[in-house]
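In what follows, a single structure is set out as structure tokens and then discussed.
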Amino acid sequence: MGKLYADIIIDISHEALDRVFSYKVPFSLREEIQIGQQVAVPFGRGNHERKGFVVGFSDKTDYEEDKVKEIIRIEPGGVTAESRMLNLAYWIREHYGSTMIQALRTVLPVQEKMNRKSSRWIELKIDPVHGPALLEEYFGRHYTAKARLLAALLDQNRISWDQASHQLKISKSTVDAMVREDVIRVVTEYYYRNPNQEMISREAPVPLNQEQQDLIDEFRQDLMREEHKVYLLHGVTGSGKTEVYLAAIEEVIKRGEQAIVLIPEIALTYQTVQRFTKRFGDRVSILNSRLSKGEKYDQWLRAKQGDVDVIIGPRSALFVPFPNLGLIVIDEEHESSYKSEQTPKYHARETAIQKASMEGASVILGSATPSVESYKNALEGRYCLWELTKRAQNAVLPRVYIEDLREELKAGNRSIFSRKLRQLMEDRLAKGEQMMLFLNRRGYAGFVSCRSCGHVMECPHCDVSMTYHREGMLKCHYCGYELPMPKTCPECGSPYIGTFGLGTQKVESAIYKEFPQARVLRMDMDTTRKKHSYEEILKAFSKGEADILVGTQMIVKGHDYANVTLVGILAADLSLHANDYRAGERTFQLLTQAAGRAGRGDKGGEVVIQTYSPEHYSIVAAAKQDYKEFYQQEIGYRSLMKYPPVWQMLVIFFSGRQEEEVRDLSQKAADILKRMEFLVIGPGEASLARMKDQYRRVIYIKDADYQNLIRAKDEIERWLEQQDEKRNILVNFDFNPMNSY
Ligand SMILES: Nc1ncnc2c1ncn2[C@@H]1O[C@H](COP(=O)(O)OP(=O)(O)OP(=O)(O)O)[C@@H](O)[C@H]1O
Ligand SMILES: [Zn+2]
Ligand SMILES: [Zn+2]
């Protein structure tokens, strides 16, 4: 693309200027000008000079040629950290659909100036040898306050502002006067709130095994050639991926560069942080949602000033402004939490790759169960595929049994534990080994329905079933609406109304009933509501304070317990029947990761998968821990159904209080897209058709080319600007959605 015109963003702190302006690039600047540079431009009616950032170029302009003004000059300083962020924000906006301000809020998470923790000191500026003479002069002129302060400074060199004002009763005007006389100076010292305060002594790295070493050698060679690639590290559970990250980070630190490590919030445990701290000491900093705003801001500044080399955090840590970024690691890259649920609905993996390419950094994506997207990219050569095929420390992969729950029922077993699982649980209890039981469900039980007429209790605001909570209350998980549990069915009056389904509490009580001697810990949304309860439960379990840990998907992430030799997955199907094209992938990932918790020590491990669909490929492949088999099946299905990553998908979501308006606007949008010859599905009701009294409709479009979907988004955005209804209706875009609508 030529550089006749530049797209320029002016004054990024100003909401009103949420748009891009077109300026002419003077011939003399055409060679030099680059995206991300700061430029001076004439602005507004008075043509006042303002600073702007270049975010793009084009050969034509949508405005009248002679009204387009010209860039005055390029500001010195090149592409700064700030301009790099701005560029990334611009890319996010274009790629995922949002306003520029929304995108900027994403990349500059700490926008408002936070109060830094600081202390102020008063120091002597004159040479102390002149002190006594000056002191005499002050006394002579009856400047007693000045004399008090000077005397104290001759004694102590520096005193704090607090001490001066409270103990010495020195006023600000006295200080100011002495500053003007060049007698003293006031210094402000900032210090950081450091959340990672635990003192952990540094430990030498474990020697890498051959597989790991080969990868690091390759990485080092690529760095030497200044080749910055995206590596997909596919390593079976427990194969030592984390050791590879640590070694790669060491390589970039040696080059004076920094690294960002993204970890799903749920896996950002004490254990993980400890491993990084042991290796890099206080050169590591952590970001997580539990930090205060001030703490977050300080970590951000420490990174910006080069006080740390490594930052670990969830999705948002991606936007930490390192001066010289060398590497971004994304652990558990398949995790759906890497996709933002708020507009802009960016994916941290794609955004990391974009950021790395803008800053000349490498990317390592790691997983035992890579996303279908990433694996496809690796097979097609866009990423470099790295494989770790063996568990480190020679631990073997666990033995897996698939138990068909239909057969259990036929054999008269009405327990939630299959015969196989029960037998293995008894065995572990006898041997004093630990186990984990996994259930992808929360609460005591699921929905409430009538066994006579089938009526299901639903939330009057959200069209979803309500769940039985505690003390006879029904609750809606979307909006929090509560109802007392009815004694009889509101439809038919029958007394046979009750709760069904399986929850973690129910599992816990079943264990107490069938294994009265077992000590149980339960981890789910209800038991981890308090700030540190999550870590406390895990610590208690790792200290052997319980035999069985029961939990939701929270327990499958990144924990490493040598004494866990049995993992039971109680209802593998629960995630399989979700109304979502990723259900098979998610099930495979969940099962493989859960199974991977077993037998990480030297005792070996076993896994029992209980299911009603023992023949489903996700379950069969997970039992074999065979990623490639799963991938072949899954990519065939995606291709047949035109689903991502083979095809690309865009969801346009509409929500508003007036049903008719929502219906109408979404229909018009669909018509426009059909005229553009897109493959359009809908508009239809979202699966949650009403939430908090807002009506919700969706349009799906599919295309083989992502760029075409961006075109569709741009067109709809432009059209929406001219529609009056858009004020009452929220419209947003979601590319390759992670959740069903
Ligand atoms: N080269 C090595 N020599 C000895 N022990 C190792 C080596 N590499 C890793 N380990 C150990 O093996 C265990 C598993 O390693 P690590 O946690 O890095 O695996 P992982 O692939 O990240 O696991 P997961 O994906 O299941 O979380 C850890 O206890 C780790 O300290
Ligand atoms: Zn009924
Ligand atoms: Zn509700």
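Since we're looking at a predicted model, the values are computed, not measured. Note that ligands are numbered from 1 as they come in the structure, with each ligand's atoms numbered from 1 the same way. Just so you know, residue 1 is the first one in the sequence shown, and it goes up from there. Just so you know, these numbers use all the heavy atoms, side chains as well, and skip hydrogens, waters and symmetry mates.
- For Gln593, the heavy-atom gap to ligand 1 stays at 4.0 angstrom or more.
- Ligand 1 has no N or O atom lying under 3.5 Å from any N or O atom of Glu332, backbone or side chain.
- Contact annotation: for Glu211 versus ligand 1, there are no heavy atoms closer than 4.0 Å.
- Using a 4.0 Å cut-off between heavy atoms, Gln212 contacts ligand 1 through its side chain alone, with no backbone atom that close.
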Return a table of donor-acceptor pairs under 3.5 angstrom between the side chains of residues 396-404 and protein atoms on other chains or two or more places apart.
{"residue": "Tyr401", "atom": "OH", "partner": "Glu606", "partner atom": "OE2", "Å": "2.6"}
{"residue": "Asp404", "atom": "OD1", "partner": "Arg406", "partner atom": "N", "Å": "2.9"}
{"residue": "Asp404", "atom": "OD1", "partner": "Arg406", "partner atom": "NE", "Å": "3.2"}
{"residue": "Asp404", "atom": "OD2", "partner": "Arg406", "partner atom": "NH2", "Å": "3.0"}

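- Listed by atom number, the atoms of ligand 1 under 4.0 Å from Asn209 heavy atoms are 1 (N).
- Nearest residue to atom 7 (C) of ligand 1 from Pro207, Gly235, Ala392, Gly596 is Ala392 (criterion: closest heavy atom).
- Summarising the local packing, NZ of Lys304 is surrounded by 12 or fewer heavy atoms from other residues, nucleotides or ligands at distances under 6.0 Å.
- Residue-ligand proximity: Arg391 is placed with every non-hydrogen atom at 4.0 Å or more from ligand 1.
- Atoms of ligand 1 lying under 4.0 Å from any heavy atom of Arg275, numbered from 1 in the order shown and given with element: 16 (P), 17 (O), 18 (O), 30 (C), 31 (O).
- Residue Gly238 places at least one N or O, backbone or side chain, under 3.5 Å from an N or O of ligand 1.
- The ring of Phe319 has its center closer than 6.0 angstrom to the ring center of Tyr346.
- At a 4.0 Å heavy-atom cut-off, ligand 1 touches Leu208 through the backbone alone.
- Panel note: side chain Ser367, backbone Glu332; no donor-acceptor pair is recorded below 3.5 Å.
- Although no hydrogens or angles enter the test, the distance criterion places no donor-acceptor pair under 3.5 Å between the side chain of Arg302 and the main chain of Ser285.
- Every pair passing ring pair (Phe, Tyr, Trp, His ring centres under 6.0 Å) that includes a residue from residues 349-385 is listed here, sequence neighbours excluded: His234-Tyr375, Tyr375-Tyr627, Tyr375-Tyr631.
- Formation of a donor-acceptor pair under 3.5 Å by the Glu227 side chain with backbone atoms of Asp222 is not found in this model.
- Remark: the backbone N or O of Ser371 is not paired with any side-chain donor or acceptor of Ser374 at under 3.5 angstrom.
- Of the heavy atoms in Gln213, none comes closer than 4.0 Å to ligand 1.
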